[in-house]
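The structure appears right after this line, and notes come after that.
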Amino acid sequence: MTSSSISWTNSRAISAAFTYLDSAESTNTWLIDKTAVETGEVVLTLSQLGGRGRFNRRWVSKPGEAVALSIVVPPMQKEKEPNQASTWIPLLVGVSVVQTVQSMGIQEASMKWPNDVLVGGRKLAGILCEVRQDGHVVAGVGINVRFSDNPPHSRAISLDEVLKATPLALDNLVAGIIRRLFELFEGDSTPQRDAVTSVLGTIGRDVQVLGRDGFTRTGHAVGLDEHGALLVRMSDGRTSVVTSSDIEHLYQ
Ligand code: BTN
């Protein structure tokens with residue numbers, strides 16, 4: 001599918017300012033480098049050449065094989081959440097992706113804390129949130145659409161494996177994500193938290209925490225704190241507050 005075969009009519013109708021790019025180095029970088037942005041601004045490409053992931057990793061996709069979407073998210077109310085870099089932000093973006101994918105019939109979609117969307121334990125989408133110098137937060141979402149040959153990693157899954165990724169389906173997916181993201185960010189903290197816990201597959205699981213120190217530890221994910229950090233009960237009985245590590249679900 002070429003990018004130009006999609007009109008993105010439904011997505012354009014929802015966004016305050018929608019830019020479609022034939023190709024981009026990184027849609028997040030495009031919005032971060034822009035002189036001025038407005039809340040709700042969206043940039044999208046199906047051909048991202050230098051996609052970025054968490055911890056300076058690369059997000060690799062061939063032209064036409066993934067949606068790269070970046071959105072300037074509405075600010076969360078100061079009294080609810082003073083820290084714009086809070087873990088709630090990627091979690092709420094993840095909710096909008098999971099619930100939209102579920103509404104398209106993929107009930108088994110869920111979230112792995114703090115930024116992965118999984119289907120059947122495999123990664124369908126990744127999220128990278130970054131803060132601009134003016135304080136606006138850019139939420140980037142990369143969604144695998146199809147793989148013409150080997151997937152970028154062994155635990156990746158594409159949309160085409162679970163539904164027919166037609167141009168209309170992709171437009172509806174993007175429009176649904178944007179619509180749900182705005183609803184969630186404009187809502188109150190209790191429904192936000194409830195929405196996160198309803199899609200988060202991490203809580204109640206044994207997890208492996210890959211620390212920045214290079215050490216891995218295992219524990220049991222028991223909940224989230226008020227900032228969206230993951231609470232993990234470790235084997236020695238202590239509870240660790242995990243803020244920015246990678247985690248892996250351990251499957252029994
Ligand atoms: C991750 O899994 O580590 C996050 C991947 C995020 C990729 C998206 S694609 C749109 C936006 N632009 C980027 O350069 N990265 C994000």
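Numbering of ligands and ligand atoms starts at 1, following listing order.
Using a 4.0 Å cut-off to heavy atoms of Leu69, the atoms of ligand 1 that qualify are 10 (C). Using a 4.0 Å cut-off to heavy atoms of Gly53, the atoms of ligand 1 that qualify are 1 (C), 3 (O), 4 (C), 5 (C). Residue Asn115 has at least one heavy-atom neighbour below 4.0 Å for each of these atoms of ligand 1: 1 (C), 2 (O), 3 (O), 4 (C). Below 4.0 Å from some heavy atom of Gly51 lie the following atoms of ligand 1, by number and element: 14 (O). Atoms of ligand 1 lying under 4.0 Å from any heavy atom of Ile127, numbered from 1 in the order shown and given with element: 4 (C). Contact atoms of ligand 1 toward Ser70: 11 (C) (distance under 4.0 Å to a heavy atom of the residue). Atoms of ligand 1 found under 4.0 Å from any heavy atom of Asn28 (numbered from 1 in listed order, with element): 11 (C), 12 (N). The Gly126 neighbourhood of ligand 1 comprises atoms 2 (O), 4 (C), 5 (C), 6 (C), with distances under 4.0 Å to a heavy atom of that residue.
Annotation: atom 10 (C) of ligand 1 to nearest protein heavy atom, Thr27 OG1, 3.2 Å. Among all non-hydrogen protein atoms, the one lying nearest atom 16 (C) of ligand 1 is Arg52 O, 3.8 Å. Nearest non-hydrogen protein atom to atom 3 (O) of ligand 1 is Arg54 N, 2.8 Å. The nearest heavy-atom contact from the protein to atom 9 (S) of ligand 1 is Gln48 NE2, 3.4 Å. The nearest protein atom to atom 8 (C) of ligand 1, hydrogens excluded, is given as Gly142 N, 3.6 Å; this is a heavy-atom distance. With respect to atom 5 (C) of ligand 1, the closest heavy atom belonging to the protein is Trp59 CE3, 3.5 Å.
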Carefully, step by step, assess Ile143 and Ile177 under the rule side chain to side chain contact (heavy atoms under 4.5 Å, CB included).
-> CA-CA 11 Å; Ile143 307 165; Ile177 291 169; 3.8 Å; yes

Yes or no on side chain to side chain contact (heavy atoms under 4.5 Å, CB included) for Leu159 and Leu170, after CA distance, side-chain angles and deciding distance?
-> CA-CA 9 Å; Leu159 216 48; Leu170 290 186; 3.6 Å; yes

May I have the step-by-step check of side chain to side chain contact (heavy atoms under 4.5 Å, CB included) for Leu224 and Leu200, ending in yes or no?
-> CA-CA 10 Å; Leu224 298 177; Leu200 196 59; 4.0 Å; yes

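Counting non-hydrogen atoms of other residues, nucleotides and ligands closer than 6.0 Å to CG of Asn56 gives a total of 12 or fewer. The number of heavy-atom neighbours closer than 6.0 Å to CZ of Arg233, taken from other residues, nucleotides and ligands shown, is 12 or below.
With hydrogens and angles left out, the side-chain atoms of Ser61 and Gln48 include no donor and acceptor closer than 3.5 Å. Side-chain contact annotation: Ser189 with Gln192, donor-acceptor N/O pair under 3.5 Å absent.
At least one heavy atom of Lys123 lies less than 4.0 angstrom from ligand 1.
Both Val141 and Val145 belong to a single network of hydrophobic side chains, linked directly or stepwise wherever heavy atoms of I, L, V, M, F, W or Y lie under 4.5 Å apart.
Under a 3.5 Å cut-off, the side chain of Ser47 and the backbone N or O of Gly64 do not form any donor-acceptor pair.
Using a cutoff of 4.0 Å between basic side-chain nitrogens and carboxylate oxygens, Asp246 and Arg57 are scored as salt-bridged.
With a heavy-atom cut-off of 4.0 Å, Ala66 does not touch ligand 1 at all.
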